[in-house]
Each structure stands twice: as C-alpha cells, then as structure tokens.
*Asks:* 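Below is one structure. I have some questions about it.
Note on naming: letters A, B, ... go to the chains in the order of the sequence lines (proteins, then strands), and numbering restarts at 1 for each one. None of these values were measured; they are calculated from a predicted model. What you see below is based on every heavy atom in this structure, not just the backbone, and it leaves out hydrogens, waters and symmetry mates.
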Amino acid sequence: MPELPEVEIVRQSLEKKVRDKIIQKVLIKNRNLRFKIQSNFQKHLLKKRIKKIDRFSKYIIITFEDSSGFIIHLGMSGTIHLLHINKKNIYTNSSFYNSPILPKKHNHIEIEFEKIKIIYNDPRRFGYFLTFNNKLELNKKFLHFGPEPFSEAFNLKYILKHLKNKEKNIKNFLLDQKFVSGIGNIYASEILFYSKINPSRKAKNLNKNDCKKILFNSKLVLKMAIKKGGSTIQNFQNVNGKIGSFQKNFKVYQRENLKCIEPKCSGFIKKKIISNRSSFFCNYCQK
DNA sequence: AAGAGGCCCTGATAGC
DNA sequence: TGCTATCAGGGCCTCT
C-alpha cells in the first residue's frame, strides 16, 4: 500500500486520534512480522503517553514523553484500523484511512487507549514495529537514508552529484531510499512521466534540465497525492469519504495500452518490468 | 562496490 | 468447494 503520501495520511489520522493518549494495553496476536516483534515490546509501550507522531519517508514515528517510542513500517499490505468503544461498551469500527472495514484475518497487533484502540493488519507481513529508547537510537535508524523530496538537502547539486557516471537507470534511482526517501513504485512512474523521462534511461545520461524536472516533479506529485488523501489501489465495497483518491489522477500507473494523456501526444502507455517491478511510461513522449 | 536478483508472505485475478 | 500461474504500493540480503 504505502508510499510517502499514504503514510503521511496515516500519520495525520493517528495524530488526530491518539496524540496525548496513554497506552493501556498492548495485545500481540502474531509476532512474526517482517522482523519478529521484540520481547520487551509490550512493556516498552505500556502506560506511556504519546507525545508526538512524526513521519520520515515511509515510516511512522511515535514518540513518548520520555523521548522513547516506536516506529511502524507498513510494508506492502499494512493498514491501521481504529475502533471506538460505544455506550454499550462494545468496540465499533470507525472510518480510517484506506480501511473502512476491519478485516477478519491478519489483525496482528492491538494497542488500546481509553475508549479507543488501533489495530495493525497486514496480510503479507512485510511491515514491522521497532522500538527505540531515545532520540539518538531513532536517528541512527535513518542515518543512511537519503533526504525526502521536500528536504532542502534534495537539491539540484545533490541530484547531479549522485547521478553522475552511474549506469543504473533513473527509475531504480527513484526507488533507491539511499538516494531519495519516500518514493515507491507508483510515484516513481508518475514522476518520470511528468518529467518526460523514460524510466530506462541511465542516470549518467541525464542532463541538468532533466534533473531539474525530477527535482520539481518529485515534490509536485507527492504533494498532490497528499492533498488527495493518497492513492487507494484496492477496491473496498463500503467506500467512505476517508479513502484516498489520487489513483484517479494516475497518468501512467496501471494504464497499460491506454492512450497517453498528454494533449498533443499520440503515444500509448507501455508496461515494462525493470528490476522485477512494473514500470509504466509513454514510449512516445518520455524520451 | 555498484547493481541485479532472490526472497520474505498472502490474496486477488486471469486463464485454462 | 477447480487448479495454476502471475502479480501486487517494500526493502533486506546475497552474489557477481
């Protein structure tokens, strides 16, 4: 599911619902996520008050009053659900990003607050939770990550320097979290379409103007996606207003064989597997 | 040492 | 109550 925009929407939702709340109970139904849930996980969370909920790249960072906390990564299929206690003392499902219905299977972790609880669901279990004891430990986790597209550090000079003499194609560069953090397979294709650059182009062959476009469009596409509440690929039956809609704005992703959306372009969208991931592009206007 | 590919896992869908 | 193959929003690890 989640690239930077989707994770940001989850962060915003969590902030509204659980900031300043105290964790009353932690239930682990399945420890075997991408990495095994640490044995001290429950103790680490219990009775802690949530001070802030940040995001870096595709990671949600939950910090307690004492600067300890934990990180959530949603992997490919992780979703967070919210349940309220009603007047009859029964938990009722509540709308939440991308997940209006609580699935029956794969609810691995429950974190309870007063009158509210969040449930982590993840069929493929590529996501994970990781605790940290202080800011230093947290920073260490992200030490080798590249800047986010919105960061000052992600500038023309930085991009030129990193792409120089590199054989690797530009699509893979955008997916490389050591180069830039937060872009995934959907937005990589979209950003390259906006930039009129073919995903297979070798990084070393991009000129200064190409890099400028990538810089500009990375920010543009991700910001538009956040504004639209992220992208929802899966079709849920009981759709409500909380579901992201940026998939309606896809120019190339999952538009194989459809006509290029560019007004003066007569090309069609092609799909090509690059490093085992699908890439979508117009082979006419993306040079 | 940069870059490619396998792999972790379940579910939805298409094609037979 | 079919079966099988393919693909899916990520990223760590290994091999060359």
*Asks:* Of all the heavy-atom pairs spanning A/I71 and A/K141, show the shortest one and how long it is.
*Replies:*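 In terms of heavy atoms, the two residues are closest at CD1-CG, 3.8 Å.
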
*Asks:* Roughly how far apart, to the nearest Å, are C/dT6 and B/dG6 at atom P?
*Replies:* 14 Å

*Asks:* Can you list everything that forms a ring pair (Phe, Tyr, Trp, His ring centres under 6.0 Å) with A/H44? Sequence neighbours excluded, please.
*Replies:* none

*Asks:* Specify the separation, in whole Å, of atom NZ of A/K228 and atom C1' of C/dG9.
*Replies:* 19 Å

*Asks:* Applying ring pair (Phe, Tyr, Trp, His ring centres under 6.0 Å), can you list everything that pairs with A/Y128, at least two apart in sequence or on another chain?
*Replies:* A/F35, A/H73

*Asks:* Going by side chain to side chain donor-acceptor pair (under 3.5 Å), name the pairs with one or both residues in residues 271-283 of chain A, residues two or more places apart or in two chains.
*Replies:*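 Counting only pairs at least two positions apart or across chains, the side chain to side chain donor-acceptor pair (under 3.5 Å) contacts touching residues 271-283 of chain A are A/K171-A/S279, A/N172-A/S275, A/S200-A/K272.
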
*Asks:* According to a strict under-4.0 Å criterion, is A/R277 in side-chain N/O contact with OP1 or OP2 of C/dG9?
*Replies:* yes

*Asks:* May I have the distance from A/L130 (atom CG) to C/dG10 (atom P), rounded to whole angstrom?
*Replies:* 19 Å

*Asks:* Name the stems that DNA chain B belongs to, where each is three or more consecutive Watson-Crick or G-U pairs with both distances under 3.5 Å?
*Replies:*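 So far as stems of 3 or more pairs are concerned, DNA chain B shows B:2-8 with C:10-16, B:10-16 with C:2-8.
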
*Asks:* Does a nitrogen or oxygen in the side chain of A/Y187 sit under 4.0 Å from OP1 or OP2 of C/dG9?
*Replies:* no

*Asks:* With a 3.5 Å cut-off and no angle check, do the side chains of A/E6 and A/Y187 form a donor-acceptor pair?
*Replies:*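 Yes, because at least one side-chain N or O of A/E6 sits under 3.5 Å from a partner of the opposite role on A/Y187.
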
*Asks:* To the nearest Å, how far apart are A/F145 CZ and C/dG10 P?
*Replies:*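 Spelled out: CZ on A/F145 to P on C/dG10 is 13 Å.
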
*Asks:* Who pairs with A/F173 by ring pair (Phe, Tyr, Trp, His ring centres under 6.0 Å), at least two apart in sequence or on another chain?
*Replies:*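 Ring pair (Phe, Tyr, Trp, His ring centres under 6.0 Å) list for A/F173, sorted by chain: A/F179.
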
*Asks:* What pairs of residues pass the salt bridge (Lys or Arg N to Asp or Glu O under 4.0 Å) test when at least one of them lies in residues 34-46 of chain A, not counting sequence neighbours?
*Replies:* none

*Asks:* Where do N or O atoms of nucleotides 1-3 of chain B meet protein N or O atoms at under 3.5 Å, pair by pair?
*Replies:*
{"residue": "B/dG3", "atom": "OP1", "partner": "A/E167", "partner atom": "N", "Å": "2.8"}
{"residue": "B/dG3", "atom": "OP1", "partner": "A/K168", "partner atom": "N", "Å": "3.2"}

*Asks:* Quickly work out the A/N172 CG to C/dG10 P distance and round it to whole Å.
*Replies:* 12 Å

*Asks:* According to ring pair (Phe, Tyr, Trp, His ring centres under 6.0 Å), who are the partners of A/F142, at least two apart in sequence or on a separate chain?
*Replies:* A/F56, A/Y59, A/F145

*Asks:* Using a cut-off of less than 4.0 Å, is there contact between a side-chain N or O of A/H73 and OP1 or OP2 of C/dG11?
*Replies:*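 Answer yes for this pair, as a side-chain N or O of A/H73 is under 4.0 Å from OP1 or OP2.
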
*Asks:* Among all residues two or more places apart in sequence or in another chain, which pass the salt bridge (charged side-chain N to carboxylate O under 4.0 Å, His left out) test with A/D54?
*Replies:*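 Only A/K52 meet the salt bridge (charged side-chain N to carboxylate O under 4.0 Å, His left out) criterion with A/D54.
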
*Asks:* For B/dA1 versus C/dG11, give the span between their P atoms, rounded off to a whole number of Å.
*Replies:* 25 Å

*Asks:* For the pair made of CD in A/E6 and P in C/dA8, what is the distance, rounded to whole Å?
*Replies:* 16 Å

*Asks:* For the P atoms, the ones on C/dC3 and on B/dC9, what distance do you get once it is rounded to whole angstrom?
*Replies:*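 Taking atom P in both C/dC3 and B/dC9, they lie 24 Å apart.
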
*Asks:* Residues in salt bridge (charged side-chain N to carboxylate O under 4.0 Å, His left out) with A/R125, at least two apart?
*Replies:*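 Applying salt bridge (charged side-chain N to carboxylate O under 4.0 Å, His left out) to A/R125 gives none.
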
*Asks:* Could you tell me the separation between the NZ atom of A/K202 and the C1' atom of B/dA4, rounded to a whole number of Å?
*Replies:*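 It is 14 Å, rounded to the nearest whole Å.
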
*Asks:* Kindly list each side-chain donor-acceptor pair under 3.5 angstrom involving residues 261-269 of chain A, sequence neighbours excluded, with atom names and distances?
*Replies:*
{"residue": "A/E262", "atom": "OE1", "partner": "A/K196", "partner atom": "NZ", "Å": "2.8"}

*Asks:* Find every protein N or O atom lying less than 3.5 Å from an N or O atom of nucleotides 7-10 of chain B, and list the pairs.
*Replies:*
{"residue": "B/dC9", "atom": "O3'", "partner": "A/R125", "partner atom": "NH2", "Å": "2.8"}
{"residue": "B/dC9", "atom": "O2", "partner": "A/R124", "partner atom": "NE", "Å": "2.8"}
{"residue": "B/dC9", "atom": "N3", "partner": "A/R124", "partner atom": "NH2", "Å": "3.3"}
{"residue": "B/dT10", "atom": "OP1", "partner": "A/R125", "partner atom": "NH2", "Å": "3.1"}
{"residue": "B/dT10", "atom": "O4'", "partner": "A/P123", "partner atom": "O", "Å": "3.4"}
{"residue": "B/dT10", "atom": "O3'", "partner": "A/H106", "partner atom": "NE2", "Å": "2.9"}

*Asks:* When the distance from CZ of A/F280 to P of C/dC7 is rounded to whole Å, what number comes out?
*Replies:*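 Between P of C/dC7 and CZ of A/F280: 11 Å.
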
*Asks:* Just how far, in rounded Å, is P of C/dT6 from CD of A/Q254?
*Replies:* 19 Å

*Asks:* Centre-to-centre under 6.0 Å for A/F41 and A/F129, is that the case here?
*Replies:*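 Aromatic pair counts; centres sit under 6.0 Å.
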
*Asks:* Hey, does the side chain of A/K271 come within less than 4.0 Å of C/dC7's phosphate (OP1/OP2), counting only N and O?
*Replies:* no

